[in-house]
Amino acid sequence: RSPTFAGKGVQIVSMQPSNEINWHVGPRRQMIATIAGQGEIETGDGQKLVVKPGVLTLIEDLTGIGHITRNGPQGRLCVFMQLEDDARVE
């Protein structure tokens with residue numbers, strides 16, 4: 001069990017079907033939980049990670065090349081949980 005995370009807020013975001021957001025960095029440290037649909041995150045080092053319900057993604061690439069976000073044909077519904085800068089995630 002993790003500690004309770006302090007955060008700046010939570011957003012529920014509906015992401016467009018079959019959409020690709022080219023290289024970008026995260027706007028802040030955050031965790032993203034996909035609750036419906038499926039997609040893919042491509043990292044700066046070439047890894048391709050499937051994001052789907054049950055997968056929690058930690059976004060920490062606030063500088064550099066960032067990542068590419070791809071949404072599947074059904075789109076994705078996600079919960080974005082903003083983290084405090086000093087939140088420790090293990």
Side-chain angles (χ1 to χ4, degrees):
R1 179 180 290 217
S2 77
T4 300
F5 295 108
K8 299 176 183 178
V10 174
Q11 286 182 299
I12 298 183
V13 178
S14 178
M15 302 179 86
Q16 294 289 324
S18 302
N19 187 38
E20 180 173 309
I21 304 169
N22 214 344
W23 294 107
H24 63 286
V25 296
R28 68 192 66 77
R29 285 185 75 224
Q30 57 191 354
M31 288 191 295
I32 302 173
T34 298
I35 56 175
Q38 187 168 312
E40 179 181 83
I41 303 290
E42 182 175 345
T43 63
D45 63 1
Q47 292 182 70
K48 292 183 178 179
L49 311 168
V50 174
V51 289
K52 59 185 180 180
V55 174
L56 187 62
T57 308
L58 176 62
I59 303 296
E60 294 187 297
D61 58 346
L62 308 182
T63 62
I65 191 169
H67 59 277
I68 298 173
T69 302
R70 296 182 183 98
N71 299 315
Q74 70 281 24
R76 283 194 302 148
L77 184 62
C78 300
V79 178
F80 283 64
M81 297 158 276
Q82 301 175 18
L83 297 172
E84 293 290 343
D85 293 337
D86 61 351
R88 188 167 177 216
V89 180
E90 297 178 357

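In what follows, residues are counted from 1 in the order of the sequence shown.
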K.L.:
Which side-chain hydrogen bond (donor to acceptor under 3.5 Å, both in side chains) pairs, counting each pair once, include a residue from residues 75-89, with sequence neighbours left out?
P.N.:
Thr34-Arg76, Asn71-Arg76, Arg88-Glu90
K.L.:
Return the CD1 to CG distance between Ile35 and Leu77, rounded to the nearest 0.5 Å.
P.N.:
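Between atom CD1 of Ile35 and atom CG of Leu77 there are 4.0 Å.
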K.L.:
If you look at every heavy atom in Thr43 and Trp23, which pair is closest and at what distance?
P.N.:
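Answer, listing the atom of Thr43 first, then Trp23: O-CH2, 3.6 Å.
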K.L.:
Do you know which two heavy atoms are closest between Asp61 and Val25, and how far apart they sit?
P.N.:
O-CB, 3.2 Å
K.L.:
Please tell me if the side chains of Val79 and Val10 come closer than 4.5 Å, counting only heavy atoms from C-beta onward.
P.N.:
yes
K.L.:
Is there a path of hydrophobic side-chain contacts, each under 4.5 Å between heavy atoms, that joins Val13 and Ile59?
P.N.:
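In one cluster: yes.
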K.L.:
Test of understanding: with side-chain contact (heavy atoms from CB on, under 4.5 Å), list the residues that count as partners of Val89, not counting sequence neighbours.
P.N.:
Phe5, Arg29, Met31, Leu58, Leu83
K.L.:
Which of these passes side chain to side chain contact (heavy atoms under 4.5 Å, CB included) with Thr69: Glu40, Met15, Glu42?
P.N.:
Met15
K.L.:
Taking atom CE of Met81 and atom CD1 of Ile32, what is their separation to the nearest 0.5 Å?
P.N.:
8.0 Å
K.L.:
Please find the pair of heavy atoms, one from Pro27 and one from Leu62, that lie closest to each other, and give the distance.
P.N.:
C-CD2, 4.4 Å
K.L.:
Give me the atom names and distance for the closest heavy-atom approach of Pro53 to Gly37.
P.N.:
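Where Pro53 meets Gly37 most closely, the heavy atoms are CD-O, 3.1 Å.
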K.L.:
Checking His24 side chain against His67 main chain: does a donor-acceptor pair fall under 3.5 Å?
P.N.:
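Indeed, once roles are kept as given, a pair shorter than 3.5 Å links the two residues.
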K.L.:
With side-chain hydrogen bond (donor to acceptor under 3.5 Å, both in side chains) as the rule and sequence neighbours excluded, what pairs involving residues 12-21 come up?
P.N.:
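Passing the test, one end in residues 12-21: Glu20-Arg70.
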